[in-house]
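Taking it in order: structure first as structure tokens, then the write-up.
Naming convention: chains lettered A, B, ... in sequence-line order (proteins, then strands); numbering from 1 in each chain.
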Amino acid sequence: MLDVKILRQNTEEIKKAMESRNEDPRQIDKIIALDEKRREFIQKADELKAKRNQLSKAVAKLKSAGKKEEAAKNIEESKDIGNKIKEFDDRLRETEEKQEALISQLPNIPLENVPVGKDEKSNKEIMKWGEPGTFQYEPKPHWEIGPELGMMDFERASKMSGARFVVLSDRIARLERALINFMLDYQTEKNGYSEINIPYLVKRDTMFATGQLPKFEEEAYKTTPDDMFLIPTAEVFLAGMHKDEILEESELPKKYCAYSACFRREAGSYGKDVRGMIRVHQFDKVELVKYTKPEDSFNELEKLTNDAESILRELDLPYRKILLCTGDMGFGAAKTYDLEVWLPSYKSYKEISSCSNDTDFQARRANIRYRNKENKLEYLHTLNGSGLAVGRTLVAILENYQNKDGTVTVPEVLRGYMGGAERIFG
RNA sequence: GGAGAGGUGGCCGAGCGGCCGAAGGCGCUUGCCUGCUAAGCAAGUGAGGACUUAUGUUCUCCGAGGGUUCGAAUCCCUCCCUCUCCGCCA
């Protein structure tokens, strides 16, 4: 959520920023026009309220002095004013609601060093790590490797649950679990995050706080009869956890990680990634979230991204790091790095983690503040990133570690989690 | 699902129509005291908005929304949330 004051003060800049995010800058004009009306109503109502307060005080005095008639006069006048106040308050609330509805649809403002661009073509590659392997044969995609091993079943998944689901079994099921444990252990033990085990169902306001609602309701799975939502990412819970709280400066930065299943309708992605388990309605992810002081969030994003990268390096998977342009970033993000892992089946890099600085955007929506050095309350900054998407990591391992005979080598760091297995074979 | 209790400032907690933005305590800030720390003493200390900025003026906020009233933290209604007990259940 953006601050109206900033819209008022830096109107032209914000309009440009919104344009760079493929939003209609005229929305800003609408909001500012509403804001002028809003302030006008506030002033009028406040004046009347001050008057009424005066009269009320006078009534109390007159009554205790036994001057009933004079009191009655004031009461009459006060009644009259009360009606006018109601009128202005109603109009005020109406404009406030309209304004709020528009503002809550606006995405975050990009940070200065974010490349401006309309879509992913303007994203900037920051670095590459590792070399994509060369194969003496045509490498298989995971949707062949898995089923041929008899451990990945798309037919039964769709029979039971529909399209875009997958069933894993035996060693591949174990590999999924190994990855979750490895990632959690690594992020907690090596990178200093506290592990949180979270609910997968959340209330409507929780979804609003992180920016999933109201704009992206189409994307979420809603449940009946209680209007609960299945979380599309653990971020929803982790970044909302301190809603309406005031944190002490000394507790910052707070670093959380959580494993969760994630649920997405993928409403707008017809025809995209239809094969395999790259894009499914339910997937596992280990998520990282930080709460930081505003002045630290910039650096903390670098660290958080590096924490996510460390998993890819430990697994020895070739990847690259991309700085997203203004038009390609998520709703709440002010700056985002994507990590993309090499996938032989795609013959390209594919997103496996997205790490964002959300600045005070979510903190404002969720009302999360901290007490700064001057003892003043201030919105803090939130950051989030995948560390990593487990399903896609599994895919990357199957494809990059595949052998000609159809077996898959288990990355060294995972062997301890796989009962010592070095290879997956049918 | 049934019954009950409750939601007040950073935290705890009193108040139950005007003297309440709210006692008291904790915490925090400053000063005094003090070999250091702790303790003690004194003073200060809620948030948000509008107008104006040199100071300042004013409004709103005691879970949310409505109502009664000249006036509501306090009375009435609706909703949300939390807790306890009973039932059911992994």
Please give the distance between the [atom1] atoms of [N] and [M] as a whole number of Å.
N     : M     : atom1 : answer
B:A73 : B:A23 : P     : 15 Å
B:A43 : B:A47 : C1'   : 23 Å
B:A39 : B:U52 : C1'   : 46 Å
B:G87 : B:G6  : C1'   : 23 Å
B:G24 : B:U45 : P     : 12 Å
B:A72 : B:C83 : C1'   : 27 Å
B:C11 : B:G65 : C1'   : 28 Å
B:G21 : B:U78 : P     : 29 Å

Please check if any side-chain donor atom of [X] sits under 3.5 Å from a side-chain acceptor atom of [Y], or the reverse.
X        : Y        : answer
A:Tyr259 : A:Asn197 : no
A:Asp35  : A:Gln99  : yes
A:Asn108 : A:Arg364 : no
A:Thr382 : A:Gln362 : yes
A:Tyr221 : A:Arg264 : no
A:Tyr319 : A:Glu309 : yes
A:Ser297 : A:Asn357 : yes
A:Thr407 : A:Arg423 : yes
A:Glu287 : A:Asn384 : yes
A:Lys57  : A:Gln54  : no
A:Thr233 : A:Lys285 : yes
A:Glu378 : A:Tyr370 : yes

A:Lys222 to A:Phe229 six-membered ring, cation-pi geometry met (6.0 Å, 45°):
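Judged by the rule, A:Lys222 and A:Phe229 form no cation-pi pair.
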Using side-chain heavy atoms (C-beta onward) and a distance below 4.5 Å, is A:Pro253 in contact with A:Lys293?
no
Whole angstrom is fine here: how far is it from [atom1] in [X] over to [atom2] in [N]?
X        : N     : atom1 : atom2 : answer
A:Asp205 : B:C79 : CG    : C1'   : 13 Å
A:Glu96  : B:U60 : CD    : P     : 14 Å
A:Ile42  : B:A50 : CD1   : C1'   : 6 Å
A:Glu251 : B:G10 : CD    : P     : 15 Å
A:Leu92  : B:C61 : CG    : P     : 13 Å
A:Lys37  : B:A50 : NZ    : C1'   : 18 Å
A:Arg52  : B:U60 : CZ    : C1'   : 11 Å

Which nucleotide, if any, forms a Watson-Crick or G-U wobble pair with [N], using both distances under 3.5 Å?
N     : answer
B:U84 : B:A3
B:G40 : B:C32
B:G71 : none
B:C26 : B:G10
B:U57 : B:A50
B:C20 : none
B:U78 : B:A64
B:A90 : none

Pick one: which of A:Asp46, A:Asp89, A:Leu92 meets side-chain contact (heavy atoms from CB on, under 4.5 Å) with A:Phe41?
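The side-chain contact (heavy atoms from CB on, under 4.5 Å) with A:Phe41 is passed solely by A:Leu92 among A:Asp46, A:Asp89, A:Leu92.
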Of the residues in residues 366-381 of chain A, which ones touch RNA chain B at a heavy-atom distance under 4.0 Å?
A:Arg369, A:Arg371, A:Asn375, A:Leu377
Strand-adjacent residues in residues 237-246 of chain A, judged by heavy atoms under 4.0 Å from RNA chain B:
A:Ile246
Please write out each protein N/O paired with an N/O of nucleotides 64-69 of chain B under 3.5 Å, distance rounded to 0.1 Å.
unit_1	atom_1	unit_2	atom_2	d
B:G66	OP1	A:Arg93	NH1	2.4

Atom pairs and distances, side-chain donor-acceptor, residues 236-244 of chain A, under 3.5 Å, sequence neighbours left out:
unit_1	atom_1	unit_2	atom_2	d
A:His242	ND1	A:Glu245	OE1	2.8
A:His242	NE2	A:Tyr256	OH	2.7
A:Asp244	OD1	A:Asn367	ND2	3.1

Do any N or O atoms of the protein come closer than 3.5 Å to N or O atoms of nucleotides 17-20 of chain B, and which pairs are they?
unit_1	atom_1	unit_2	atom_2	d
B:G18	N2	A:Ser56	O	3.3

Closer to the 5' end of RNA chain B via nearest nucleotide, is it A:Arg38 or A:Lys203?
A:Arg38
Tell me which of A:Glu248 and A:Gly82 sits closer to the 5' end of RNA chain B, going by the nucleotide each one is nearest to.
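Mapping each residue to its closest nucleotide by heavy atoms, the 5'-most match is A:Glu248.
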Do NZ/NE/NH1/NH2 and the carboxylate oxygens of A:Glu77 and A:Lys84 come within less than 4.0 Å?
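Judged by the 4.0 Å cut-off on N to carboxylate O distance, A:Glu77 and A:Lys84 do not form a salt bridge.
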Nucleotide by nucleotide, 5' to 3', does protein get under 4.0 Å of the base (B), only the sugar-phosphate (S), or neither (-) in nucleotides 51-59 of chain B, counting heavy atoms?
S------SS
Yes or no on ring-ring contact (aromatic ring centres under 6.0 Å, His included) for A:Phe331 and A:Phe361, after CA distance, side-chain angles and deciding distance?
CA-CA 10 Å; A:Phe331 186 67; A:Phe361 190 81; 5.5 Å; yes
